[in-house]
Amino acid sequence: MDTSESTMTHVQLVQKAVAWLRSYRCGVVLSEQACLSGEVPDAIGWKRACHSVLIECKISRADFLADRDKRFRQKTELGLGCERFYLTTPGLLKLEDLPTGWGLLECRNRKIEIVHRSAKNLRSVEGFQYEMNLLLASLRRVEIRIEPQSLTEFLKWKNRMAEYNRGTLPEGIVPAEKEANFFLEPAPQ
């Protein structure tokens, strides 16, 4: 084991998890945000069709064992994530330690490797509702930070910029309708 991996902090693992979710094609990623169920995912991302991927980062076996006793781990229908992973340093967990359906990621040589894939159908309807709560609470946090401007006004900043520039956006700025946002594309049939 690389000595830098054995001394990784939880914060560093969470940063790795966020970067991995982006490389795993999650268009929206949040870290360490609370939701109504009491769960505070270390990192969670969403792909097309509302498919969510949860990562819990563990730097010690004691932390992992404490996580197993949480209400939303005991009642799996309360949990977030269509896919669920633990991210650890190499050798911290064995496959038989994992809850049913969970995957395992390990940070080796500063890269995330999939040791065991997660099932892709772990989220329940109740879990989906908690995810919506998490997303809406996060949007509200953004709205509070940009007040007195509303979230809608904030998202329309390009329109105001074009108005200011007599109908032309500055060079290098793409009009909102041409932005790459696969969440606005129809789901594949």
Side-chain angles (χ1 to χ4, degrees), residues 1-2 5-6 8-135 137-138 182-183 185 187-189:
M1 179 184 332
D2 183 336
E5 289 167 353
S6 63
M8 283 195 86
T9 66
H10 186 263
V11 169
Q12 290 169 320
L13 269 186
V14 170
Q15 290 170 344
K16 294 277 188 195
V18 167
W20 186 83
L21 286 169
R22 295 220 182 275
S23 73
Y24 197 57
R25 300 182 51 106
C26 291
V28 174
V29 177
L30 296 173
S31 64
E32 298 179 317
Q33 300 294 311
C35 80
L36 197 56
S37 70
E39 190 165 1
V40 183
D42 288 328
I44 186 169
W46 287 267
K47 297 176 152 195
R48 292 178 188 239
C50 301
H51 185 87
S52 56
V53 183
L54 172 88
I55 300 179
E56 281 300 315
C57 300
K58 301 298 167 197
I59 58 169
S60 72
R61 192 149 177 83
D63 186 19
F64 168 74
L65 294 173
D67 190 67
R68 290 194 320 190
D69 293 333
K70 293 177 179 172
R71 183 172 161 262
F72 41 82
R73 297 287 181 259
Q74 295 293 314
K75 296 184 172 202
T76 58
E77 68 276 6
L78 302 178
L80 308 179
C82 297
E83 294 178 64
R84 299 173 187 168
F85 291 94
Y86 281 106
L87 171 58
T88 69
T89 54
L92 185 72
L93 298 180
K94 297 179 184 107
L95 294 183
E96 55 268 18
D97 293 330
L98 299 175
T100 303
W102 280 67
L104 178 61
L105 305 170
E106 288 184 347
C107 185
R108 296 178 187 196
N109 301 320
R110 292 183 240 153
K111 292 184 181 177
I112 304 300
E113 292 183 17
I114 300 173
V115 175
H116 180 72
R117 293 201 173 274
S118 168
K120 295 185 181 254
N121 61 348
L122 297 175
R123 184 184 63 202
S124 69
V125 170
E126 199 167 359
F128 179 73
Q129 291 171 336
Y130 284 129
E131 286 182 16
M132 284 298 299
N133 168 263
L134 175 67
L135 285 166
S138 297
F182 61 78
F183 288 101
E185 296 173 9
Q189 299 298 327

Restricting to non-hydrogen atoms, name the atom on [X] and the atom on [Y] that form the minimum distance, rounded to 0.1 Å.
X      : Y      : answer
Cys82  : Glu131 : N-OE2, 4.4 Å
Arg73  : Arg68  : CB-O, 3.7 Å
Thr100 : Leu122 : O-CD2, 4.3 Å
Cys50  : Phe128 : CB-CE1, 4.0 Å
Leu54  : Gly81  : CB-CA, 4.2 Å

- Message: Would Val53 and Leu21 count as a side chain to side chain contact (heavy atoms under 4.5 Å, CB included) here? Give the steps.
- Response: CA-CA 8 Å; Val53 183; Leu21 286 169; 3.6 Å; yes

At what distance, to the nearest 0.5 angstrom, does [atom1] of [X] lie from [atom2] of [Y]?
X     : Y      : atom1 : atom2 : answer
Met8  : Arg110 : CE    : CZ    : 9.5 Å
Trp46 : Leu134 : CH2   : CG    : 4.5 Å
Leu80 : Arg123 : CG    : CZ    : 9.0 Å
Phe85 : Trp20  : CZ    : CH2   : 4.5 Å
Leu65 : Lys58  : CG    : NZ    : 10.0 Å
Ile44 : Arg84  : CD1   : CZ    : 9.0 Å

- Message: Between Glu106 and Arg108 (salt bridge meaning N to carboxylate O under 4.0 Å), is one present in this structure?
- Response: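 Salt bridge flag = yes for Arg108 with Glu106.
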
- Message: Evaluate Cys107 against Ile112 for side chain to side chain contact (heavy atoms under 4.5 Å, CB included), listing each step before the verdict.
- Response: CA-CA 5 Å; Cys107 185; Ile112 304 300; 4.1 Å; yes

- Task: Under the side chain to side chain contact (heavy atoms under 4.5 Å, CB included) rule, what do Tyr86 and Val115 come out as? Steps first, then yes or no, please.
- Result: CA-CA 10 Å; Tyr86 281 106; Val115 175; over 6 Å; no

Applying side chain to side chain donor-acceptor pair (under 3.5 Å), name anything that partners [X], two or more places apart in sequence or on another chain.
X     : value
His51 : Glu83
Thr9  : Gln12
Asp97 : Arg61

- Task: Taking the side chain as every heavy atom from C-beta outward, state whether Thr88 and Phe64 have any atom pair closer than 4.5 Å.
- Result: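 Of all side-chain heavy-atom pairs linking Phe64 with Thr88, none is under 4.5 Å.
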
- Item | Close side-chain approach of Glu126 and Lys75, heavy atoms under 4.5 Å |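 Not touching, per the 4.5 Å side-chain cut-off.
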
- Decide side chain to side chain contact (heavy atoms under 4.5 Å, CB included) for Val14 and Leu87; before the verdict, give the C-alpha distance in whole Å, the side-chain angles of both, and the deciding distance to 0.1 Å. CA-CA 9 Å; Val14 170; Leu87 171 58; over 6 Å; no

- Main-chain N/O of Pro41 paired with Gln33 side-chain donor or acceptor, under 3.5 Å: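 Checked: no pair found.
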
- Does any donor atom in the side chain of Glu56 or Trp102 lie under 3.5 Å from an acceptor atom in the other side chain?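 No.
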
